[in-house]
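Here is the structure we will look at, set down as structure tokens.
Keep in mind that the numbers below use all heavy atoms, side chains included, and drop hydrogens, waters and symmetry copies. If you read the sequence from its start, that first residue is 1, and numbering goes on from there.
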Amino acid sequence: LCFDGVELATAESLCTAMGLGPATDISSQSVVPRMYSYDTLEIPTLLSNIRCNAGSCTGSRGVCPSHRALIVSCEVIEARIAGDNNALEVTFDGQRFAPVCAASDPSWDIGKVACAVLGLGGVHAVGTTDAVPEVPMVSVVCEGSEDSLSSCAIDVVDNCPSKKILAVHCEL
């Protein structure tokens, strides 16, 4: 992809289209033409004029005017089911896992997305388990149709109102 004119919003769309979290950085790298012989020069073509909307991106193939390739860093959001209590944990900063704060009515939608992401089939049951007060927690809101947890709203919470962790049982 050509670096020319790409803004953070476009990078966000690219990350989302790949099933990753938000874009964390945009940079570029020089694209150097290659000489095959004394009379043959290859100038790499890149996708430029990138435009994204509704999870779909388009562009045109050609020589990139700046000869700079786009590098986008995306946050990776992962999930795991931890312990005997099946507590759902997700990464909230791309590195550290935190338990998911359970709403007063445990969310099947979050369970559905988490089970799919983990490759464990559908959600069998959701419930709650007691939270550990000093552990950071995250709030996750999904509609259930998302392809990845990065498409759900994820926020670190200082205080989990229910004082419960979302527990998820996936079909195997």
Side-chain angles (χ1 to χ4, degrees), residues 1 6-27 46-47 50-59 61 69-172:
L1 299 176
V6 174
E7 297 178 0
L8 187 58
T10 299
E12 294 279 344
S13 295
L14 291 169
C15 290
T16 300
M18 292 185 294
L20 300 171
T24 57
D25 188 37
I26 300 174
S27 59
L46 299 172
L47 197 59
I50 307 297
R51 300 290 175 256
C52 298
N53 64 22
S56 169
C57 298
T58 60
R61 192 169 169 85
L70 174 66
I71 299 172
V72 176
S73 299
C74 306
E75 188 174 292
V76 177
I77 298 176
E78 298 179 42
R80 67 183 180 195
I81 296 176
D84 294 337
N85 58 7
N86 289 342
L88 178 62
E89 297 180 348
V90 299
T91 54
F92 61 94
D93 61 2
Q95 297 174 352
R96 296 180 291 172
F97 280 90
V100 174
C101 173
S104 57
D105 184 21
S107 172
W108 280 84
D109 294 333
I110 298 168
K112 179 180 174 184
V113 176
C115 291
V117 165
L118 293 168
L120 297 174
V123 62
H124 177 70
V126 294
T128 62
T129 186
D130 291 330
V132 177
E134 62 275 355
V135 174
M137 295 182 75
V138 291
S139 168
V140 178
V141 178
C142 297
E143 294 177 8
S145 60
E146 295 85 353
D147 292 331
S148 69
L149 285 167
S150 61
S151 299
C152 301
I154 299 176
D155 295 302
V156 177
V157 293
D158 293 328
N159 183 19
C160 178
S162 69
K163 308 284 191 246
K164 300 284 184 181
I165 297 171
L166 182 64
V168 176
H169 299 265
C170 301
E171 295 174 354
L172 298 176

Considering all heavy atoms, the nearest [X]-[Y] contact:
X	Y	result
C115	V123	SG-CA, 3.8 Å
A98	P136	CB-O, 3.4 Å
L118	A79	CD2-O, 3.2 Å
N159	P161	O-CD, 3.2 Å
I165	M137	CG1-CE, 3.6 Å
H124	W108	O-CH2, 3.4 Å

* To do: Sorted by first residue and then second, give each salt bridge (charged side-chain N to carboxylate O under 4.0 Å, His left out) pair with at least one member in residues 107-118; sequence neighbours left out.
  =>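 Passing the test, one end in residues 107-118: no pairs.
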Rounded to the nearest 0.5 Å, what's the gap from [atom1] on [X] to [atom2] on [Y]? Could you check?
X	Y	atom1	atom2	answer
S139	D155	OG	CG	6.0 Å
N86	D84	CG	CG	8.0 Å
D130	N85	CG	CG	9.0 Å
C170	I81	SG	CD1	3.5 Å
L88	L149	CG	CG	7.0 Å
E143	I110	CD	CD1	11.5 Å

* To do: Determine, stepwise, if the pair V6 / L1 fulfils side chain to side chain contact (heavy atoms under 4.5 Å, CB included).
  => CA-CA 9 Å; V6 174; L1 299 176; over 6 Å; no
* Begin with the C-alpha distance, continue with both residues' side-chain angles, and end with the deciding distance and a verdict on side chain to side chain contact (heavy atoms under 4.5 Å, CB included) for V168 and V100. => CA-CA 10 Å; V168 176; V100 174; over 6 Å; no
* Stepwise side chain to side chain contact (heavy atoms under 4.5 Å, CB included) check, S107 with V126 -> CA-CA 7 Å; S107 172; V126 294; over 6 Å; no
* Asked: Between the main-chain N or O of T24 and the side-chain N or O of S73, is there a donor-acceptor pair closer than 3.5 Å?
  ->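 Checked: no pair found.
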* To do: Measure from the side-chain N and O atoms of S162 to the backbone N and O of A102, and report whether any donor-acceptor pair falls under 3.5 Å.
  =>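 Yes; judged by distance alone, with no hydrogens or angles, the pair exists.
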